[in-house]
Amino acid sequence: MAQNTLTYREHAAKARSDANEAVLDNVRERCLRAEAAWLDMAVRQERVDAARAVREAPKAIPLVPQD
């Protein structure tokens with residue numbers, strides 16, 4: 001799901017750009033809130049991806065000689 005994370009971060013960057021270009025305070029604040037929401041979604045997705053990778057990783061089998 002790395003694609004989702006990239007998409008979320010792209011949306012956050014766009015919201016930041018929109019905030020920088022905004023003339024009205026309420027529009028700037030709305031864009032900054034949107035940026036924070038997109039970044040939060042990206043961080044959550046990264047945590048989910050990391051947890052999934054750990055969960056789905058092959059379990060190590062100890063190499064013990066059997067007599």
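Residues: numbered from 1 along the sequence shown.
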Rounded to the nearest 0.5 Å, how far apart are [atom1] of [X] and [atom2] of [Y]?
X   : Y   : atom1 : atom2 : answer
N26 : R28 : CG    : CZ    : 9.5 Å
T5  : L39 : OG1   : CG    : 11.5 Å
W38 : E10 : CH2   : CD    : 10.5 Å
R30 : L24 : CZ    : CG    : 9.5 Å

Kindly indicate whether the side chain of [X], heavy atoms from C-beta on, has any atom under 4.5 Å from the side chain of [Y].
X   : Y   : answer
V48 : R44 : no
L6  : R9  : no
M41 : T7  : no

Using every non-hydrogen atom in the two residues, find where Y8 and Q45 come nearest and quote the distance to one decimal. CE1-CB, 4.0 Å
For the residue pair A15 and E35, what are the closest heavy atoms and their distance? CB-N, 3.7 Å
